[in-house]
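Read the structure below first, then the notes.
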Number of protein chains: 2
Amino acid sequence: MHPEFEKYLIANTSLTEDIIRNIGNTATIKTLRRNELLLQAGDICRHKVFIAKGLLRMYSTDANGNEHIVQFSPEHTWTLDVESYDKETPSLINIGATEPTEVLLWTKDDFNRLLNEIPELRKLSQQIISRNIYYSRQRILTTLSGTPEEKYDDFIQRFPNLLSRLPLRMIASYLGMSIKTLTRIRHTQLHR
Amino acid sequence: MHPEFEKYLIANTSLTEDIIRNIGNTATIKTLRRNELLLQAGDICRHKVFIAKGLLRMYSTDANGNEHIVQFSPEHTWTLDVESYDKETPSLINIGATEPTEVLLWTKDDFNRLLNEIPELRKLSQQIISRNIYYSRQRILTTLSGTPEEKYDDFIQRFPNLLSRLPLRMIASYLGMSIKTLTRIRHTQLHR
DNA sequence: GATAAACGTGGTCATTTGACCATAATTGAA
DNA sequence: TTCAATTATGGTCAAATGACCACGTTTATC
(Lines give C-alpha, C1' and ligand atoms only; values in the text may rest on other atoms or scores of the structure.)
Protein backbone atom coordinates (compact mmCIF):
# COMPACT_ATOMS: atom_id res chain seq x y z
CA MET A 1 0.00 0.00 0.00
CA HIS A 2 1.57 3.23 -1.15
CA PRO A 3 1.21 6.18 1.24
CA GLU A 4 0.82 8.66 -1.62
CA PHE A 5 -2.12 6.72 -2.99
CA GLU A 6 -3.71 6.68 0.42
CA LYS A 7 -3.26 10.43 0.71
CA TYR A 8 -4.82 10.86 -2.71
CA LEU A 9 -7.91 8.81 -1.93
CA ILE A 10 -8.42 10.46 1.43
CA ALA A 11 -8.26 13.86 -0.22
CA ASN A 12 -10.52 12.97 -3.14
CA THR A 13 -13.11 10.57 -1.76
CA SER A 14 -14.82 9.75 1.50
CA LEU A 15 -13.85 6.08 1.39
CA THR A 16 -13.08 4.27 4.62
CA GLU A 17 -9.59 3.20 5.61
CA ASP A 18 -10.54 -0.41 5.01
CA ILE A 19 -11.70 0.09 1.48
CA ILE A 20 -8.76 2.31 0.65
CA ARG A 21 -6.43 -0.42 1.87
CA ASN A 22 -8.34 -2.93 -0.21
CA ILE A 23 -7.94 -0.87 -3.35
CA GLY A 24 -4.30 -0.11 -2.68
CA ASN A 25 -3.35 -3.67 -1.91
CA THR A 26 -4.80 -4.89 -5.18
CA ALA A 27 -2.24 -2.84 -7.06
CA THR A 28 1.35 -3.73 -7.77
CA ILE A 29 4.02 -1.10 -7.35
CA LYS A 30 6.51 -0.44 -10.08
CA THR A 31 9.57 1.77 -10.08
CA LEU A 32 10.72 3.42 -13.28
CA ARG A 33 14.04 5.00 -14.00
CA ARG A 34 14.49 8.14 -16.05
CA ASN A 35 13.61 7.43 -19.69
CA GLU A 36 12.27 3.98 -18.88
CA LEU A 37 9.10 3.03 -20.75
CA LEU A 38 5.94 1.98 -18.99
CA LEU A 39 4.14 1.30 -22.24
CA GLN A 40 5.73 0.87 -25.63
CA ALA A 41 3.93 1.42 -28.92
CA GLY A 42 2.97 -2.00 -30.23
CA ASP A 43 2.30 -3.44 -26.78
CA ILE A 44 -1.11 -3.73 -25.20
CA CYS A 45 -1.94 -1.45 -22.31
CA ARG A 46 -2.97 -3.90 -19.61
CA HIS A 47 -3.16 -1.68 -16.54
CA LYS A 48 -4.73 1.34 -15.02
CA VAL A 49 -1.88 3.49 -13.78
CA PHE A 50 -1.70 5.84 -10.84
CA ILE A 51 1.41 7.97 -10.55
CA ALA A 52 2.44 8.04 -6.91
CA LYS A 53 5.66 9.91 -7.44
CA GLY A 54 7.51 11.27 -10.44
CA LEU A 55 6.41 12.28 -13.92
CA LEU A 56 5.31 10.41 -17.02
CA ARG A 57 4.89 11.61 -20.55
CA MET A 58 2.67 10.15 -23.25
CA TYR A 59 4.14 10.63 -26.70
CA SER A 60 4.26 9.28 -30.19
CA THR A 61 7.13 9.19 -32.63
CA ASP A 62 6.36 10.18 -36.20
CA ALA A 63 7.81 8.99 -39.50
CA ASN A 64 10.74 11.43 -39.23
CA GLY A 65 11.63 10.28 -35.74
CA ASN A 66 10.22 13.38 -34.08
CA GLU A 67 8.51 12.96 -30.77
CA HIS A 68 5.17 14.61 -30.08
CA ILE A 69 4.03 14.78 -26.51
CA VAL A 70 0.30 14.38 -25.92
CA GLN A 71 0.30 14.83 -22.18
CA PHE A 72 2.30 14.88 -19.00
CA SER A 73 1.13 12.94 -15.94
CA PRO A 74 2.66 14.09 -12.68
CA GLU A 75 2.18 12.54 -9.24
CA HIS A 76 -1.41 12.08 -8.04
CA THR A 77 -2.80 11.67 -11.53
CA TRP A 78 -3.77 8.69 -13.66
CA THR A 79 -2.80 7.61 -17.12
CA LEU A 80 -3.36 4.85 -19.64
CA ASP A 81 -4.03 4.31 -23.31
CA VAL A 82 -7.81 4.06 -23.22
CA GLU A 83 -8.13 2.60 -26.68
CA SER A 84 -5.58 -0.14 -26.13
CA TYR A 85 -6.83 -0.91 -22.62
CA ASP A 86 -10.47 -1.19 -23.62
CA LYS A 87 -10.06 -3.19 -26.79
CA GLU A 88 -6.85 -4.97 -25.89
CA THR A 89 -5.27 -3.86 -29.14
CA PRO A 90 -1.65 -2.81 -29.68
CA SER A 91 -1.05 0.71 -28.51
CA LEU A 92 0.07 3.43 -30.90
CA ILE A 93 1.77 5.53 -28.27
CA ASN A 94 4.50 5.36 -25.67
CA ILE A 95 4.33 6.23 -22.02
CA GLY A 96 7.69 6.87 -20.40
CA ALA A 97 9.18 8.40 -17.30
CA THR A 98 10.96 11.74 -17.50
CA GLU A 99 12.35 11.29 -14.00
CA PRO A 100 12.49 8.46 -11.44
CA THR A 101 8.88 7.49 -10.96
CA GLU A 102 6.74 5.19 -8.86
CA VAL A 103 3.44 3.92 -10.21
CA LEU A 104 0.64 1.69 -8.99
CA LEU A 105 -0.79 -0.77 -11.48
CA TRP A 106 -4.14 -2.56 -11.55
CA THR A 107 -5.04 -5.21 -14.07
CA LYS A 108 -8.30 -4.75 -15.90
CA ASP A 109 -9.92 -7.69 -14.09
CA ASP A 110 -8.94 -6.42 -10.70
CA PHE A 111 -9.94 -2.88 -11.41
CA ASN A 112 -13.29 -3.86 -12.85
CA ARG A 113 -13.98 -5.96 -9.79
CA LEU A 114 -13.20 -2.98 -7.58
CA LEU A 115 -15.43 -0.77 -9.71
CA ASN A 116 -18.28 -3.22 -9.27
CA GLU A 117 -17.82 -3.44 -5.53
CA ILE A 118 -17.23 0.22 -4.74
CA PRO A 119 -19.76 2.78 -5.99
CA GLU A 120 -17.64 5.70 -4.92
CA LEU A 121 -14.72 4.42 -6.97
CA ARG A 122 -17.05 4.44 -9.96
CA LYS A 123 -17.89 8.04 -9.21
CA LEU A 124 -14.21 8.96 -8.96
CA SER A 125 -13.59 7.14 -12.21
CA GLN A 126 -16.27 9.16 -13.96
CA GLN A 127 -14.81 12.38 -12.64
CA ILE A 128 -11.37 11.49 -13.94
CA ILE A 129 -12.80 10.73 -17.34
CA SER A 130 -14.77 13.97 -17.48
CA ARG A 131 -11.73 15.94 -16.51
CA ASN A 132 -9.72 14.13 -19.15
CA ILE A 133 -12.21 15.07 -21.86
CA TYR A 134 -12.31 18.62 -20.64
CA TYR A 135 -8.52 18.94 -20.57
CA SER A 136 -8.26 17.51 -24.05
CA ARG A 137 -10.66 20.10 -25.34
CA GLN A 138 -8.76 22.87 -23.66
CA ARG A 139 -5.55 21.56 -25.09
CA ILE A 140 -6.96 21.49 -28.59
CA LEU A 141 -8.19 25.04 -28.22
CA THR A 142 -4.90 26.31 -26.89
CA THR A 143 -3.03 24.55 -29.66
CA LEU A 144 -5.27 26.13 -32.26
CA SER A 145 -5.64 29.62 -30.97
CA GLY A 146 -2.62 31.30 -29.51
CA THR A 147 0.72 32.56 -30.68
CA PRO A 148 3.66 30.47 -29.50
CA GLU A 149 4.23 32.97 -26.72
CA GLU A 150 0.65 32.68 -25.51
CA LYS A 151 0.94 28.92 -25.51
CA TYR A 152 4.11 29.06 -23.48
CA ASP A 153 2.60 31.45 -20.95
CA ASP A 154 -0.46 29.27 -20.75
CA PHE A 155 1.70 26.24 -20.06
CA ILE A 156 3.50 27.99 -17.23
CA GLN A 157 0.23 29.07 -15.69
CA ARG A 158 -1.33 25.67 -16.01
CA PHE A 159 1.65 23.59 -14.88
CA PRO A 160 3.83 25.94 -12.88
CA ASN A 161 5.74 23.10 -11.27
CA LEU A 162 6.62 21.26 -14.48
CA LEU A 163 8.78 23.94 -16.08
CA SER A 164 11.75 23.20 -13.84
CA ARG A 165 11.35 19.43 -14.04
CA LEU A 166 11.39 19.05 -17.80
CA PRO A 167 13.95 19.72 -20.48
CA LEU A 168 12.84 22.59 -22.68
CA ARG A 169 12.80 20.40 -25.73
CA MET A 170 9.97 18.39 -24.22
CA ILE A 171 7.99 21.51 -23.47
CA ALA A 172 8.57 22.66 -27.04
CA SER A 173 7.41 19.26 -28.24
CA TYR A 174 4.31 19.45 -26.07
CA LEU A 175 3.54 22.94 -27.35
CA GLY A 176 4.12 22.04 -30.97
CA MET A 177 6.95 24.44 -31.69
CA SER A 178 10.69 24.15 -32.31
CA ILE A 179 13.15 24.63 -29.47
CA LYS A 180 14.43 27.63 -31.36
CA THR A 181 11.08 29.36 -31.11
CA LEU A 182 10.84 28.54 -27.44
CA THR A 183 14.24 29.92 -26.53
CA ARG A 184 13.49 33.00 -28.61
CA ILE A 185 10.40 33.59 -26.52
CA ARG A 186 12.32 33.11 -23.31
CA HIS A 187 15.00 35.49 -24.51
CA THR A 188 12.41 38.14 -25.33
CA GLN A 189 10.68 37.76 -21.99
CA LEU A 190 13.97 38.09 -20.10
CA HIS A 191 14.73 41.44 -21.72
CA ARG A 192 11.36 42.98 -21.02
CA MET B 1 -39.47 8.80 -32.06
CA HIS B 2 -37.02 9.71 -34.74
CA PRO B 3 -36.38 7.03 -37.39
CA GLU B 4 -32.68 7.93 -37.66
CA PHE B 5 -32.20 7.36 -33.95
CA GLU B 6 -33.92 4.02 -34.20
CA LYS B 7 -31.64 3.05 -37.08
CA TYR B 8 -28.65 4.09 -35.04
CA LEU B 9 -29.57 2.03 -31.99
CA ILE B 10 -30.43 -1.01 -34.04
CA ALA B 11 -27.06 -0.81 -35.75
CA ASN B 12 -25.07 -0.19 -32.57
CA THR B 13 -26.80 -2.19 -29.86
CA SER B 14 -28.90 -5.28 -29.46
CA LEU B 15 -31.68 -3.47 -27.63
CA THR B 16 -35.25 -4.56 -28.17
CA GLU B 17 -37.77 -2.50 -30.11
CA ASP B 18 -39.58 -1.68 -26.89
CA ILE B 19 -36.59 -0.30 -25.10
CA ILE B 20 -35.49 1.62 -28.15
CA ARG B 21 -38.89 3.23 -28.32
CA ASN B 22 -38.69 4.00 -24.64
CA ILE B 23 -35.37 5.77 -25.04
CA GLY B 24 -36.44 7.62 -28.15
CA ASN B 25 -39.72 8.81 -26.72
CA THR B 26 -38.00 10.31 -23.72
CA ALA B 27 -36.19 12.74 -26.00
CA THR B 28 -37.50 15.95 -27.48
CA ILE B 29 -36.80 16.76 -31.10
CA LYS B 30 -35.39 20.11 -32.08
CA THR B 31 -34.83 21.56 -35.52
CA LEU B 32 -32.01 24.00 -36.12
CA ARG B 33 -31.54 26.31 -39.05
CA ARG B 34 -28.19 27.06 -40.61
CA ASN B 35 -26.03 29.05 -38.16
CA GLU B 36 -28.51 28.61 -35.34
CA LEU B 37 -26.96 27.92 -31.93
CA LEU B 38 -27.80 24.88 -29.86
CA LEU B 39 -25.60 25.98 -26.99
CA GLN B 40 -24.24 29.44 -26.42
CA ALA B 41 -21.16 30.22 -24.35
CA GLY B 42 -22.39 31.39 -20.96
CA ASP B 43 -25.38 29.09 -20.93
CA ILE B 44 -25.51 25.77 -19.14
CA CYS B 45 -25.50 22.61 -21.21
CA ARG B 46 -28.62 20.83 -19.99
CA HIS B 47 -28.99 18.03 -22.51
CA LYS B 48 -27.37 15.05 -24.06
CA VAL B 49 -27.59 15.59 -27.81
CA PHE B 50 -27.91 13.09 -30.61
CA ILE B 51 -27.61 14.44 -34.13
CA ALA B 52 -30.23 12.72 -36.26
CA LYS B 53 -29.63 14.76 -39.38
CA GLY B 54 -27.34 17.61 -40.30
CA LEU B 55 -24.06 18.86 -38.91
CA LEU B 56 -23.01 20.70 -35.77
CA ARG B 57 -19.78 22.39 -34.90
CA MET B 58 -18.33 23.07 -31.47
CA TYR B 59 -16.26 26.22 -31.39
CA SER B 60 -14.99 28.99 -29.24
CA THR B 61 -14.41 32.63 -30.09
CA ASP B 62 -11.16 34.15 -28.87
CA ALA B 63 -10.35 37.70 -27.76
CA ASN B 64 -9.76 38.83 -31.37
CA GLY B 65 -13.09 37.48 -32.54
CA ASN B 66 -11.55 34.50 -34.30
CA GLU B 67 -13.43 31.25 -34.19
CA HIS B 68 -11.64 28.01 -33.39
CA ILE B 69 -13.45 24.81 -34.12
CA VAL B 70 -12.92 21.95 -31.69
CA GLN B 71 -15.02 19.36 -33.44
CA PHE B 72 -17.67 18.62 -36.00
CA SER B 73 -20.60 16.36 -35.14
CA PRO B 74 -22.39 14.91 -38.14
CA GLU B 75 -25.53 12.77 -38.15
CA HIS B 76 -25.45 9.64 -35.98
CA THR B 77 -23.04 11.08 -33.46
CA TRP B 78 -23.45 12.68 -30.05
CA THR B 79 -22.28 15.96 -28.63
CA LEU B 80 -22.40 18.03 -25.48
CA ASP B 81 -20.19 20.15 -23.28
CA VAL B 82 -19.22 17.54 -20.71
CA GLU B 83 -17.88 20.03 -18.18
CA SER B 84 -20.97 22.22 -18.25
CA TYR B 85 -23.35 19.27 -18.28
CA ASP B 86 -21.73 17.50 -15.35
CA LYS B 87 -21.20 20.45 -13.07
CA GLU B 88 -24.07 22.61 -14.34
CA THR B 89 -21.72 25.52 -14.83
CA PRO B 90 -21.81 28.08 -17.66
CA SER B 91 -20.31 26.71 -20.82
CA LEU B 92 -17.25 28.26 -22.42
CA ILE B 93 -18.05 27.10 -25.90
CA ASN B 94 -20.69 27.31 -28.57
CA ILE B 95 -22.39 24.55 -30.45
CA GLY B 96 -24.06 25.60 -33.67
CA ALA B 97 -25.48 24.14 -36.85
CA THR B 98 -23.61 24.53 -40.11
CA GLU B 99 -26.61 23.31 -42.07
CA PRO B 100 -30.27 22.52 -41.30
CA THR B 101 -30.08 20.00 -38.49
CA GLU B 102 -32.34 17.80 -36.40
CA VAL B 103 -31.30 16.78 -32.91
CA LEU B 104 -32.73 14.70 -30.10
CA LEU B 105 -32.38 16.07 -26.60
CA TRP B 106 -32.48 14.32 -23.23
CA THR B 107 -32.41 16.13 -19.93
CA LYS B 108 -29.87 14.94 -17.40
CA ASP B 109 -32.54 13.48 -15.11
CA ASP B 110 -34.17 11.54 -17.90
CA PHE B 111 -30.92 10.29 -19.31
CA ASN B 112 -29.59 9.22 -15.93
CA ARG B 113 -32.80 7.33 -15.30
CA LEU B 114 -32.41 5.54 -18.61
CA LEU B 115 -28.79 4.75 -17.79
CA ASN B 116 -29.86 3.20 -14.51
CA GLU B 117 -32.56 1.12 -16.12
CA ILE B 118 -30.72 -0.07 -19.20
CA PRO B 119 -27.32 -1.74 -18.79
CA GLU B 120 -26.68 -1.81 -22.49
CA LEU B 121 -27.18 1.91 -22.74
CA ARG B 122 -24.49 2.28 -20.09
CA LYS B 123 -22.22 0.18 -22.22
CA LEU B 124 -22.92 2.28 -25.28
CA SER B 125 -22.30 5.38 -23.25
CA GLN B 126 -18.90 4.08 -22.17
CA GLN B 127 -17.99 3.30 -25.74
CA ILE B 128 -18.88 6.78 -26.86
CA ILE B 129 -16.77 8.28 -24.12
CA SER B 130 -13.78 6.06 -24.94
CA ARG B 131 -14.02 6.97 -28.57
CA ASN B 132 -14.24 10.62 -27.66
CA ILE B 133 -11.03 10.41 -25.62
CA TYR B 134 -9.32 8.51 -28.39
CA TYR B 135 -10.36 11.00 -31.06
CA SER B 136 -9.20 13.88 -28.94
CA ARG B 137 -5.80 12.32 -28.59
CA GLN B 138 -5.56 11.71 -32.31
CA ARG B 139 -6.61 15.26 -32.97
CA ILE B 140 -3.94 16.61 -30.64
CA LEU B 141 -1.32 14.48 -32.34
CA THR B 142 -2.35 15.52 -35.83
CA THR B 143 -2.38 19.15 -34.80
CA LEU B 144 1.12 18.84 -33.38
CA SER B 145 2.80 16.73 -35.95
CA GLY B 146 2.08 17.34 -39.56
CA THR B 147 2.64 20.06 -42.09
CA PRO B 148 -0.51 21.94 -43.06
CA GLU B 149 -0.75 19.80 -46.17
CA GLU B 150 -0.59 16.60 -44.13
CA LYS B 151 -3.28 17.90 -41.83
CA TYR B 152 -5.52 18.71 -44.76
CA ASP B 153 -4.98 15.29 -46.34
CA ASP B 154 -5.65 13.67 -43.01
CA PHE B 155 -8.89 15.60 -42.67
CA ILE B 156 -10.08 14.48 -46.08
CA GLN B 157 -9.27 10.88 -45.28
CA ARG B 158 -10.92 10.99 -41.90
CA PHE B 159 -14.04 12.92 -42.89
CA PRO B 160 -14.41 12.43 -46.63
CA ASN B 161 -18.02 13.53 -46.61
CA LEU B 162 -17.51 16.77 -44.73
CA LEU B 163 -15.33 18.56 -47.28
CA SER B 164 -18.24 19.32 -49.57
CA ARG B 165 -20.59 20.28 -46.76
CA LEU B 166 -18.47 22.90 -45.07
CA PRO B 167 -17.10 26.25 -46.15
CA LEU B 168 -13.33 26.07 -46.44
CA ARG B 169 -12.87 28.73 -43.83
CA MET B 170 -14.33 26.36 -41.25
CA ILE B 171 -12.02 23.58 -42.29
CA ALA B 172 -9.11 26.00 -42.03
CA SER B 173 -10.33 26.99 -38.59
CA TYR B 174 -10.59 23.35 -37.55
CA LEU B 175 -7.11 22.64 -38.85
CA GLY B 176 -5.58 25.69 -37.23
CA MET B 177 -4.35 27.42 -40.36
CA SER B 178 -5.34 30.51 -42.33
CA ILE B 179 -7.64 30.21 -45.34
CA LYS B 180 -4.75 31.48 -47.38
CA THR B 181 -2.63 28.49 -46.47
CA LEU B 182 -5.48 26.14 -47.20
CA THR B 183 -6.19 27.51 -50.67
CA ARG B 184 -2.47 27.46 -51.39
CA ILE B 185 -2.40 23.76 -50.59
CA ARG B 186 -5.43 23.12 -52.76
CA HIS B 187 -3.86 25.08 -55.58
CA THR B 188 -0.66 23.07 -55.35
CA GLN B 189 -2.51 19.77 -55.29
CA LEU B 190 -4.53 20.71 -58.34
CA HIS B 191 -1.40 21.36 -60.41
CA ARG B 192 0.31 18.12 -59.54
C1' DG C 1 34.69 13.33 -8.21
C1' DA C 2 35.51 12.61 -13.34
C1' DT C 3 33.74 12.36 -17.85
C1' DA C 4 30.64 11.82 -21.50
C1' DA C 5 26.17 12.99 -22.80
C1' DA C 6 22.46 16.03 -22.84
C1' DC C 7 21.04 20.61 -22.76
C1' DG C 8 20.09 25.79 -23.59
C1' DT C 9 21.29 29.52 -26.28
C1' DG C 10 22.41 32.10 -30.28
C1' DG C 11 23.73 33.21 -35.46
C1' DT C 12 22.37 32.83 -40.21
C1' DC C 13 19.45 32.05 -43.94
C1' DA C 14 15.74 30.04 -46.69
C1' DT C 15 10.99 29.01 -46.39
C1' DT C 16 6.47 29.24 -44.76
C1' DT C 17 2.78 31.61 -43.15
C1' DG C 18 -0.51 35.29 -42.24
C1' DA C 19 -2.51 39.98 -42.96
C1' DC C 20 -4.56 42.92 -46.18
C1' DC C 21 -6.71 43.68 -50.35
C1' DA C 22 -9.27 42.90 -54.72
C1' DT C 23 -12.06 40.10 -57.69
C1' DA C 24 -14.84 36.54 -59.54
C1' DA C 25 -17.85 32.76 -58.47
C1' DT C 26 -21.13 30.62 -55.64
C1' DT C 27 -24.82 30.37 -52.52
C1' DG C 28 -29.00 31.20 -50.01
C1' DA C 29 -33.04 33.68 -48.89
C1' DA C 30 -36.80 36.46 -50.37
C1' DT D 1 -35.66 33.88 -60.32
C1' DT D 2 -33.17 37.66 -58.48
C1' DC D 3 -30.02 40.06 -55.67
C1' DA D 4 -27.25 40.53 -51.69
C1' DA D 5 -24.14 38.11 -48.91
C1' DT D 6 -20.86 34.73 -48.50
C1' DT D 7 -17.17 32.35 -50.32
C1' DA D 8 -12.78 30.81 -52.79
C1' DT D 9 -8.85 32.35 -54.95
C1' DG D 10 -4.75 34.98 -55.81
C1' DG D 11 -1.18 39.01 -55.45
C1' DT D 12 2.03 41.33 -52.51
C1' DC D 13 4.77 42.03 -48.64
C1' DA D 14 6.37 41.72 -43.90
C1' DA D 15 6.99 38.74 -40.11
C1' DA D 16 7.51 34.36 -37.95
C1' DT D 17 9.40 30.02 -37.93
C1' DG D 18 12.40 26.03 -38.58
C1' DA D 19 16.75 23.75 -40.13
C1' DC D 20 21.50 23.62 -39.48
C1' DC D 21 25.36 24.72 -37.01
C1' DA D 22 28.51 25.92 -33.13
C1' DC D 23 29.64 26.78 -28.40
C1' DG D 24 29.61 26.89 -23.52
C1' DT D 25 27.08 24.96 -19.52
C1' DT D 26 24.73 21.71 -16.91
C1' DT D 27 23.54 17.14 -15.69
C1' DA D 28 23.63 12.18 -15.08
C1' DT D 29 26.06 8.23 -14.22
C1' DC D 30 29.87 5.49 -13.29
Side-chain angles (χ1 to χ4, degrees), chain A residues 31-36 54-55 57 59 61-69 96-101 142-153 155-156 162-192, chain B residues 31-36 54-55 57 59 62-69 72 96-101 142-153 155-156 162-192:
Chain A
T31 302
L32 296 164
R33 287 186 297 181
R34 214 170 79 92
N35 293 325
E36 195 176 342
L55 181 55
R57 76 193 219 272
Y59 66 98
T61 306
D62 70 18
N64 308 322
N66 296 78
E67 290 179 1
H68 302 283
I69 298 179
T98 67
E99 58 184 66
T101 298
T142 313
T143 308
L144 291 181
S145 45
T147 62
E149 180 161 15
E150 287 166 342
K151 292 182 202 176
Y152 176 62
D153 292 342
F155 179 84
I156 293 177
L162 292 193
L163 181 56
S164 57
R165 292 165 70 179
L166 289 167
L168 277 194
R169 65 177 180 83
M170 289 196 189
I171 295 175
S173 162
Y174 178 86
L175 297 176
M177 63 186 74
S178 67
I179 303 186
K180 181 80 212 212
T181 302
L182 189 49
T183 60
R184 268 199 270 244
I185 290 168
R186 290 161 59 85
H187 179 89
T188 309
Q189 293 192 343
L190 265 181
H191 302 69
R192 190 162 60 191
Chain B
T31 302
L32 296 164
R33 288 185 295 181
R34 212 170 79 93
N35 293 325
E36 195 177 343
L55 181 54
R57 76 194 219 272
Y59 66 98
D62 70 18
N64 309 322
N66 296 76
E67 289 178 3
H68 302 283
I69 298 179
F72 296 112
T98 68
E99 58 185 64
T101 297
T142 313
T143 308
L144 291 182
S145 46
T147 62
E149 180 161 15
E150 287 166 342
K151 292 182 201 177
Y152 176 62
D153 292 343
F155 179 85
I156 292 177
L162 293 192
L163 182 58
S164 57
R165 291 165 72 180
L166 288 167
L168 278 194
R169 65 175 181 83
M170 288 195 190
I171 295 174
S173 161
Y174 178 86
L175 296 176
M177 62 186 74
S178 68
I179 303 186
K180 180 80 212 216
T181 302
L182 189 49
T183 61
R184 267 198 272 243
I185 290 168
R186 290 161 58 85
H187 179 90
T188 310
Q189 294 192 343
L190 265 179
H191 301 70
R192 190 164 58 192

Next on the checklist: In whole Å, I'd like the distance from the CG atom of B:Leu166 to the P atom of D:dT7.
Outcome noted: 11 Å
Checklist entry - In terms of side-chain heavy atoms of B:Lys180, which of D:dG11, D:dA8, C:dG10 is nearest? => result D:dG11
Checklist entry - Given atom CG of B:Asn64 and atom P of C:dC20, what is their separation to the nearest angstrom? => result 11 Å
Checklist entry - Are any non-hydrogen side-chain atoms of B:Thr101 and B:Glu36 less than 4.5 angstrom apart? => result no
Checklist entry - Whole Å only: how far is the CZ atom of A:Arg33 from the C1' atom of D:dT29? => result 11 Å
Next on the checklist: To check you understand the geometry: which heavy-atom pair defines the closest contact between B:Leu182 and B:Ala172, and what is its length?
Outcome noted: CD2-N, 3.7 Å
Checklist entry - How about A:Arg57 and A:Tyr174: does a side-chain donor come under 3.5 Å of a side-chain acceptor? => result no
Checklist entry - Below 4.0 angstrom from OP1 or OP2 of C:dG10, is there any side-chain N or O of A:His187? => result yes
Item to check | Short side-chain N/O contact to D:dA8 OP1/OP2 from B:Arg169, under 4.0 Å | outcome: no
Next on the checklist: Quiz question: going by heavy-atom distance under 3.5 Å, is there a donor-acceptor pair between the base of D:dG10 and the side chain of B:Arg186?
Outcome noted: no
Next on the checklist: Just the rounded figure in Å: distance from C1' of D:dT29 to CG of A:Asn35.
Outcome noted: 12 Å
Item to check | Side-chain heavy atoms of A:Ile185 within contact of A:Met177, under 4.5 Å | outcome: yes
Checklist outcome for this item: Closest to the 5' end of DNA chain C, once B:Thr181 and A:His191 are matched to their nearest nucleotides, is A:His191
Next on the checklist: Are the side chains of A:Phe155 and A:Leu162 in contact, using a 4.5 Å heavy-atom criterion?
Outcome noted: yes
Checklist entry - Can you tell me how far P of C:dG10 sits from CG of A:Leu182, to the nearest Å? => result 12 Å
Next on the checklist: Please pick, from D:dA8, D:dT17, C:dC7, the nucleotide with the shortest atom-to-atom distance to any side-chain atom of B:Thr183.
Outcome noted: D:dA8
Identify all pairs in which a protein N or O lies below 3.5 Å from an N or O of nucleotides 23-28 of chain D, and state each distance.
none

Checklist entry - Could you state the CZ-P distance from B:Arg184 to D:dT12, rounded to the nearest angstrom? => result 12 Å
Next on the checklist: Nearest whole Å is fine: how far is C:dC21 C1' from B:Ile179 CD1?
Outcome noted: 14 Å
Checklist entry - Looking only at heavy atoms, what is the nearest atom pair of A:His68 and A:Asp62, with distance? => result NE2-OD2, 2.9 Å
Checklist entry - Can you check whether B:Leu166 reaches B:Leu55 side chain to side chain, under 4.5 Å on heavy atoms? => result yes
Checklist entry - Between atom CD1 in B:Ile171 and atom C1' in D:dA8, what is the gap in whole Å? => result 12 Å
